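Scroll down for the structure; my scribbles are underneath it.
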Number of protein chains: 2
Amino acid sequence: MAPMALRDGNKSKKLVNNGPLLVSRIIDTEKAPQPAEAIAIERSQTNFDPVKMHQFLEGSVEKSDLVLSLFKSIERDTFLQTSPEHYDMGYKDERALVAQRIDRMARYLELEDPKKFWRRLNLMTVIDPSMGIRISVNLGLFLHCIKGNGTDEQFNYWAKYREAGSIKQLYGCFGMTELGHGSNVAGCETTATLDIEKDEFIIDTPNISATKWWIGGAAHSATHTVCYARLIVKGKDYGVKTFVVPLRDSQHNLLPGIAIGDIGAKMGRQGVDNGWIQFTEVRIPRYFMLQKWCKVDKFGNVVLPPLEQLSYISLLGGRVSMANDSYRIGARFVTIALRYAVGRRQFKKNPSDELESKLLDYPLHQRRLIPLLALTYAMGLGTDKLEKQHEVILDELERAIRADSKELINKSIIDTKALFIDSGSLKSTLTWLAADLINETRQSCGGHGYSSYNGFGKAYNDWVVQCTWEGDNNVLGMSVGKTLVKNIQQILDKKKPINTPSLLFLNEAPQWVHQKDIIIATRRDVENLDKVKLAVKVAVIKFAALLLDQLKAYKGNWDLLSHDRVQLSKLRCHYYLLETFIERIDSNTDHALTSHLANLLKLYYVTQIFTPFAADFIRFKLIDPEVASYLTLEFTPQLDLAIRPYVIGLTDSFQQPDNFINSLIGKYDGNIYENYFETIKQIHPPRHYKAPYSSAFEALLNRAPLEERDRFEKSEAAEQKLTARIEK
Amino acid sequence: MAPMALRDGNKSKKLVNNGPLLVSRIIDTEKAPQPAEAIAIERSQTNFDPVKMHQFLEGSVEKSDLVLSLFKSIERDTFLQTSPEHYDMGYKDERALVAQRIDRMARYLELEDPKKFWRRLNLMTVIDPSMGIRISVNLGLFLHCIKGNGTDEQFNYWAKYREAGSIKQLYGCFGMTELGHGSNVAGCETTATLDIEKDEFIIDTPNISATKWWIGGAAHSATHTVCYARLIVKGKDYGVKTFVVPLRDSQHNLLPGIAIGDIGAKMGRQGVDNGWIQFTEVRIPRYFMLQKWCKVDKFGNVVLPPLEQLSYISLLGGRVSMANDSYRIGARFVTIALRYAVGRRQFKKNPSDELESKLLDYPLHQRRLIPLLALTYAMGLGTDKLEKQHEVILDELERAIRADSKELINKSIIDTKALFIDSGSLKSTLTWLAADLINETRQSCGGHGYSSYNGFGKAYNDWVVQCTWEGDNNVLGMSVGKTLVKNIQQILDKKKPINTPSLLFLNEAPQWVHQKDIIIATRRDVENLDKVKLAVKVAVIKFAALLLDQLKAYKGNWDLLSHDRVQLSKLRCHYYLLETFIERIDSNTDHALTSHLANLLKLYYVTQIFTPFAADFIRFKLIDPEVASYLTLEFTPQLDLAIRPYVIGLTDSFQQPDNFINSLIGKYDGNIYENYFETIKQIHPPRHYKAPYSSAFEALLNRAPLEERDRFEKSEAAEQKLTARIEK
């Protein structure tokens with residue numbers, strides 16, 4: 001954490017002036033803005049301990065301590081620390097920097113316990129998402145795929161004996177997406193054809209649209225890939241399975257039959273060497289196929305087991321992390337924007353005011369930013385819960401398989417289904433909200449939000465791919481929405497309760513689906529947490545039931561419900577966050593935090609649930625229309641005002657240090673203008689006031705008159721000469 | 001326009017395979033996607049002439065012809081044309097490219113008529129917004145400021161005699177914004193103090209927050225600036241006026257007292273050399289002050305005339321252009337996304353289908369994109385009208401001033417006020433909508449939307465500053481909203497009609513403000529254009545009247561209405577677009593276009609007005625809640641379906657050629673995969689399969705075991721040696 005000791009504020013640098021007209025004296029009547037002072041004063045009003053709040057947000061003292069110690073370690077590490085100069089990098093330099101950081105991370109991986117390392121990776125992903133994904137492709141996607149789809153022996157061989165798990169010898173990439181195939185993995189065209197005679201698979205790219213595309217790490221890093229390809233045995237297509245395919249030899253040269261290229265520039269994550277791969281009759285031993293679930297013997301007998309659905313569990317880790325990232329990135333940009341909003345002044349309320357007003361003292365500015373602070377708190381608590389849920393399931397499954405217990409495995413399948421819904425709904429909803437959050441916080445910093453050195457642009461560009469990959473948000477949302485409607489169908493039509501743990505509340509559907517009394521009927525009801533929770537729960541139930549009716553009207557055509565399925569998934573995400581927020585407040589014991597958390601909770605559900613879904617809550621008769629208007633017009637501004645004095649303390653509670661936040665206008669000391677200006681001068685020394693292309697530009701300005709450049713060919717003299725004979 | 005002749009489609013490149021297991025034969029059962037074929041077939045269904053539609057969109061055959069001839073000229077020009085390689089550029093190279101293009105544009109400026117040149121600049125701004133702004137800073141902001149604030153002689157001197165108007169000798173920049181002052185121009189701190197003895201002004205930067213900041217062109221290009229500074233005469237501060245201040249001499253060296261620096265990397269518009277400027281006792285002759293309105297004589301007498309409000313007219317040109325740009329950029333990305341949505345296939349509807357389904361055959365995809373097509377049409381027509389309105393006002397004002405007619409000048413002031421509202425409301429609303437449009441179209445192209453070579457990332461980054469500069473969108477929206485409420489106040493409270501031309505409809509307020517009968521009461525009313533227009537008009541009136549009531553309740557505190565003032569401004573923008581769309585359809589004579597335009601109009605007002613403002617239309621009792629639900633649930637999908645078959649023709653109608661669109665997946669021939677893959681291979685030849693940093697990465701993978709790198713210091717042998725004595 002940055003030291004509490006504050007610098008001397010933004011001393012206005014008066015320029016020496018010896019003439020009779022002392023400009024500085026005249027201007028002295030106008031006080032220069034003192035952002036550092038303003039922020040220090042607001043910080044001193046904090047009436048709770050930000051470290052305690054951090055522990056609350058992280059879910060435990062232990063996790064909070066770990067995060068803080070990693071912040072320190074990262075800030076000090078020569079390679080991992082950030083620097084404003086990095087914002088100047090072109091993508092080729094960024095890739096080299098990322099490779100250097102991967103090297104550093106590999107050294108930590110050798111030494112520290114896995115829990116600490118994974119948290120380090122998780123935090124580094126906020127600073128350097130390109131590095132995050134390049135490591136995650138190998139340790140996450142590649143190895144999780146082998147663990148999920150391969151036998152224990154296969155995993156041990158590649159991860160341990162071949163040391164891919166230590167970022168050593170091998171570097172794996174994840175060969176799933178094809179040029180013509182993204183969301184529909186089952187539509188992949190790459191083939192893996194068994195050659196029984198040689199006991200080998202032939203991996204082949206049949207046509208251009210089957211070219212593996214976007215493969216992170218393929219262009220320059222990867223030595224191996226898990227290749228998603230159609231298993232073809234004796235002319236029969238068994239669908240898409242997974243195969244380990246070597247790409248480069250130990251000297252990092254491409255193997256025969258492998259063509260690889262660089263995909264080049266991207267909107268963001270420029271530090272990732274995404275590539276394309278074409279396989280031309282590449283032969284691999286049969287035992288390179290991952291055979292935990294689907295098995296092919298040397299005679300070409302194929303066994304497709306019943307538990308294949310568990311093989312997709314390897315995708316869940318990514319989604320859980322991305323939901324979690326939404327919290328960290330939200331915290332980063334809400335901190336910057338709120339510090340700036342306290343330090344920056346604009347327009348005087350009264351001409352006699354000594355200083356202009358702080359941005360954050362304008363109601364519109366409060367309304368733009370403070371609800372995002374509340375959302376960030378909700379995301380922090382909700383995604384911490386999701387992370388724990390994921391850890392429990394992985395342990396459980398491990399134990400179930402070790403014990404070879406059908407009962408335990410079945411329980412794992414049920415819990416995994418719940419996690420599919422929870423992570424799908426949180427990943428899609430929160431990555432979208434986080435993208436909006438970065439955009440809105442950037443705009444709230446005006447022009448300075450557009451400077452690279454304040455962090456927004458790069459972060460936004462690096463971020464937004466989260467809405468597309470590892471389950472396109474719309475596809476995930478539709479899928480979650482469909483599951484919810486199917487569950488409601490089972491409950492209402494088949495009268496059979498469901499057993500998916502996090503959806504058990506749907507079993508109350510028969511009781512609520514025809515509910516007619518308005519739940520949030522009065523202004524006071526809005527602060528009654530039981531009623532609020534009930535209203536949101538019933539909204540999910542009624543929404544799902546309505547879609548079920550429509551499905552019948554549309555004769556089972558799910559596509560016609562797509563838009564609303566995505567909406568339903570968002571609502572379900574918010575119910576998860578709301579439940580968690582309330583649970584966590586109930587278990588909080590630090591009374592200094594209570595009132596702040598209560599206000600943030602209210603602002604969260606009013607601005608993220610009741611307002612955007614107002615039309616639904618009204619049509620389902622869950623909220624009185626007059627109360628809904630009250631929420632927008634009066635209650636939201638009141639809550640903003642109540643939270644307003646504590647925004648510095650509430651953002652300090654995220655405990656992100658300056659080096660981590662990496663924004664010149666968003667530093668802890670709030671000395672906005674000096675921090676910004678001095679660094680810009682360091683990076684771009686003013687003595688270089690001519691550009692490399694300056695001489696060409698100067699030549700443009702100093703060019704000869706047009707007539708001269710035209711060799712006077714259009715002059716009267718020329719006209720005379722050229723027309724003399726003709727016109728005679 | 002790209003030639004109609006289509007290429008042979010996306011022939012699947014079967015790879016030679018001699019083995020016994022012919023993979024290609026097996027996969028032959030799966031037909032490869034043929035995007036070019038799909039697009040050609042849909043194009044052939046077009047039942048109207050896209051060139052005629054283009055003429056309709058551009059407002060006249062003449063303007064359409066001009067635009068088409070400029071598309072051709074730009075596409076062929078060695079320097080102006082685009083190239084996919086440009087997407088690989090770092091910002092230093094981009095700046096050099098932009099400088100080269102400025103040179104080329106200067107040559108056209110010397111030769112072609114101004115109308116054609118300004119249209120060229122307008123179109124080039126879509127391709128290269130950095131170039132657009134660098135030229136506009138000189139020809140637009142700098143010279144318009146001199147024209148608006150200087151005498152005719154002053155303008156003639158700088159623009160003509162000194163040739164700044166030909167991008168020659170001088171290059172001007174616009175020194176308004178300061179590090180600590182953006183939206184509040186009147187709060188600028190730079191001083192211009194009259195030294196009566198020497199008949200000079202002393203320009204001075206009193207403190208760090210007064211540093212001129214973000215000044216486009218300052219870092220490397222500008223020789224002069226118009227400096228916004230406080231006029232100080234005999235110790236009295238007369239507020240902010242404008243002064244021409246030379247920055248560099250004719251050798252492009254900085255003048256004494258001028259400190260300039262490069263602001264460096266930005267989220268977008270990286271080709272602009274934004275800089276900061278500090279003035280330290282810089283002396284300029286008194287006659288460098290722009291003195292059309294405010295005059296200072298050599299004795300220090302200051303005359304502040306009544307017409308100063310006209311001096312801000314120079315800001316309007318930028319806003320009008322930015323509204324217009326919203327249409328062009330919208331057209332560009334809607335075209336890309338719809339072509340891709342027709343060519344791209346994903347998931348089979350039935351397992352027996354030969355091919356996967358086109359993206360655009362999914363209702364959700366239609367719902368994401370087709371309303372954006374409708375919006376783009378509405379933006380095209382509305383901003384064409386705004387542009388004409390601006391031209392008329394400039395001519396009118398010119399004539400009024402020449403004639404020195406008080407009556408004409410007063411009319412100009414009234415018309416200018418209207419343009420302030422119209423351009424402020426359109427600029428803010430449409431630049432936001434265009435930003436959302438780029439974002440949504442990018443997401444609709446899945447992963448490929450994230451590749452730089454498809455255009456979205458750079459365009460988004462270059463675009464979004466439009467929401468901040470030349471009037472921050474929220475500040476503009478609040479200002480428009482405030483004016484509307486004040487107008488309603490005059491009409492309702494003071495019973496005095498207003499005379500602002502484009503707001504005359506507000507004079508109907510007394511008739512409508514207490515209207516109780518629902519206007520859109522039945523499903524059929526939704527297609528009754530008179531009722532639709534009336535409903536939107538009354539919505540603006542009732543909204544403004546409601547805010548007036550609240551203002552009174554809040555005892556005149558406008559700040560508490562800020563959020564709703566911005567909403568009101570958006571609604572007013574849509575009324576402008578709606579009126580124009582209907583007017584234009586009424587005057588259309590080509591019957592082949594009629595049904596398409598009618599459908600686009602309906603989809604526009606349903607999805608952009610009635611749906612997002614549903615809560616307002618319901619609370620103002622302008623639409624029946626059941627009808628509102630019908631619009632979202634049934635009418636929108638119906639309209640999407642009706643427009644669906646014609647999307648290729650309707651986007652071809654924008655007539656943007658491939659080179660202009662500059663997107664590998666968005667080309668006219670629709671040969672998505674080959675266009676994309678072949679160009680990527682050209683830019684990044686696959687033979688460079690090792691990165692420049694590869695050896696370091698290889699060394700990481702091939703590193704020695706940890707024990708060896710630790711010099712075996714933690715081995716048992718070491719332990720024995722190090723503990724031998726101690727433990728003995």
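Naming convention: chains lettered A, B, ... in sequence-line order (proteins, then strands); numbering from 1 in each chain. In this text, all values refer to a predicted model and were calculated from it rather than measured experimentally.
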* Reported CD1-to-OG distance for the pair A/I263 and B/S452, which is rounded to 0.5 angstrom -> 11.5 Å
* Asked: Is there side-chain contact between B/D88 and A/K92, with heavy atoms separated by less than 4.5 Å?
  -> yes
* Might you point out which heavy atoms bring A/R344 and B/L179 nearest each other, and give the distance in Å? => NH1-O, 2.9 Å
* To do: Select one option (side chain, backbone, both, neither) describing which atoms of B/S694 are under 4.5 Å from chain A's heavy atoms.
  => side chain
* **Within the 6.0 Å centroid threshold, strictly below: A/Y676 and B/W213** => yes
* Most contacts with chain A, counted as non-hydrogen pairs under 4.5 angstrom, among B/N253, B/D273, B/L561, B/I260 -> B/N253
* Is it the side chain or the backbone of B/A614 that comes within 4.5 Å of chain A heavy atoms, both, or neither? -> neither
* Between A/Y91 and chain B, which part of the residue has a heavy atom less than 4.5 Å away: side chain, backbone, both or neither? -> side chain
* Asked: Contact part of A/Y689 toward chain B, heavy-atom cut-off under 4.5 Å: side chain, backbone, both or neither?
  -> both
* Structure fact -> Here the pair of heavy atoms bringing A/Q251 nearest to B/K690 is O-NZ, 3.0 Å
* pair B/Y693-A/D93: side-chain heavy atoms closer than 4.5 Å -> no
* With only heavy atoms counted, which part of B/A259 is less than 4.5 Å from chain A, the side chain, the backbone, both or neither? -> neither
* Residue, of A/R248, A/Q100, A/R345, that accumulates the most heavy atom pairs under 4.5 Å with chain B -> A/R248
* Answer whether the closest heavy-atom distance between the side chains of B/R107 and A/R703 falls below 4.5 Å. => yes
* Structure fact -> Okay, A/H365 and chain B: the region with an atom under 4.5 Å from a heavy atom over there is neither
* Which atoms of B/Y362 approach chain A - backbone, side chain, both or neither, heavy atom under 4.5 Å -> side chain
* Asked: Any idea which of B/A210, B/P685, B/G180, B/P686 has the most non-hydrogen atom pairs under 4.5 angstrom with chain A?
  -> B/G180
* Between A/S221, A/S166, A/A219, which shows the greatest number of heavy-atom pairs under 4.5 Å with chain B? -> A/S221
* Sort A/I683 into side chain, backbone, both or neither according to what part of it lies under 4.5 angstrom from a heavy atom of chain B. => neither
* **A/Y453 side-chain N/O to B/A265 backbone N/O, donor-acceptor pair under 3.5 Å** => yes
* Structure fact -> One option among A/R95, A/R367, A/Q346, A/Q169 has the most heavy-atom pairs under 4.5 Å with chain B, and it is A/R367
* To do: Please flag which part of B/K458 lies under 4.5 Å from any non-hydrogen atom of chain A: side chain, backbone, both or neither.
  => neither
* Closest approach of A/Q443 and B/C467, non-hydrogen atoms and distance? -> OE1-CB, 3.8 Å
* **Nearest atoms (heavy-atom pairs only) where B/A106 meets A/L700** => CB-CD1, 3.8 Å
* To do: Output the option from B/E163, B/R565, B/R368, B/Q550 having the highest count of non-hydrogen pairs under 4.5 Å with chain A.
  => B/R368
* Choice from A/G90, A/A99, A/G457, A/G264 maximising heavy atom contacts with chain B below 4.5 Å -> A/G264
* To do: Please tell me if the side chains of A/H252 and B/F697 come closer than 4.5 Å, counting only heavy atoms from C-beta onward.
  => yes
* Atom CG of B/N439 and atom CG of A/N439: how far apart are they, to the nearest 0.5 Å? -> 8.0 Å
* Could you look at B/N557 and say if it's the side chain, the backbone, both or neither that has a heavy atom under 4.5 Å from chain A? => neither
* Asked: What do you reckon, are the aromatic ring centroids of A/W276 and B/F677 less than 6.0 Å apart?
  -> yes
* Structure fact -> Of the listed A/T468, A/L254, A/I618, A/D472, the one with the largest count of heavy-atom pairs under 4.5 Å with chain B is A/L254
* Structure fact -> Minimal heavy-atom distance between A/P705 and B/K168, with the atoms involved, is CA-NZ, 3.4 Å
* Find the one option among A/G261, A/P692, A/S562 whose heavy-atom pairs under 4.5 Å with chain B are most numerous. => A/S562
* To do: Just give me the residue among B/R442, B/Q270, B/R619 that pairs up with chain A most often, heavy atom to heavy atom, under 4.5 Å.
  => B/R442
* **Proximal component of A/R269, with respect to chain B [non-hydrogen, under 4.5 Å]** => both
* Which is it for A/L170 and B/L701 under the side-chain contact (heavy atoms from CB on, under 4.5 Å) test, yes or no, and what are the steps along the way? -> CA-CA 7 Å; A/L170 307 190; B/L701 295 184; over 6 Å; no
* Would you mind reporting whether A/L111 and B/L706 have side-chain heavy atoms less than 4.5 Å apart? => yes
* Between A/N473 and chain B, which part of the residue has a heavy atom less than 4.5 Å away: side chain, backbone, both or neither? -> neither
* Asked: Looking at B/T211, B/V464, B/T632, which one has more heavy-atom pairs under 4.5 Å with chain A than the rest?
  -> B/V464
* Quick one: closest heavy-atom pair of B/D564 and A/L633, and the distance? => OD2-CD2, 3.7 Å
* Asked: If you count heavy-atom pairs under 4.5 Å with chain A, which of B/G275, B/P363, B/G182 comes out on top?
  -> B/P363
* CA sep, side-chain torsions, deciding dist, call: A/E356, B/N184, side-chain hydrogen bond (donor to acceptor under 3.5 Å, both in side chains) -> CA-CA 10 Å; A/E356 295 181 290; B/N184 182 14; 2.7 Å; yes
* To do: Using a 4.5 Å cut-off on heavy atoms from C-beta on, say whether the side chain of A/H563 contacts that of B/L364.
  => yes
* Asked: So do A/H688 and B/D262 actually touch side chain to side chain, heavy atoms under 4.5 Å?
  -> no
* Asked: Where on A/M89 is there a heavy atom nearer than 4.5 Å to chain B: the side chain, the backbone, both, or neither?
  -> neither
* Do A/M267 and B/Y460 have side-chain heavy atoms sitting under 4.5 Å apart? -> yes
* What part of B/W214 is in contact with chain A, defined as an atom under 4.5 angstrom from a non-hydrogen atom: side chain, backbone, both or neither? -> side chain
* To do: Examine distances only and state if a side-chain atom of A/Y450 and a backbone atom of B/N461 form a donor-acceptor pair shorter than 3.5 Å.
  => yes
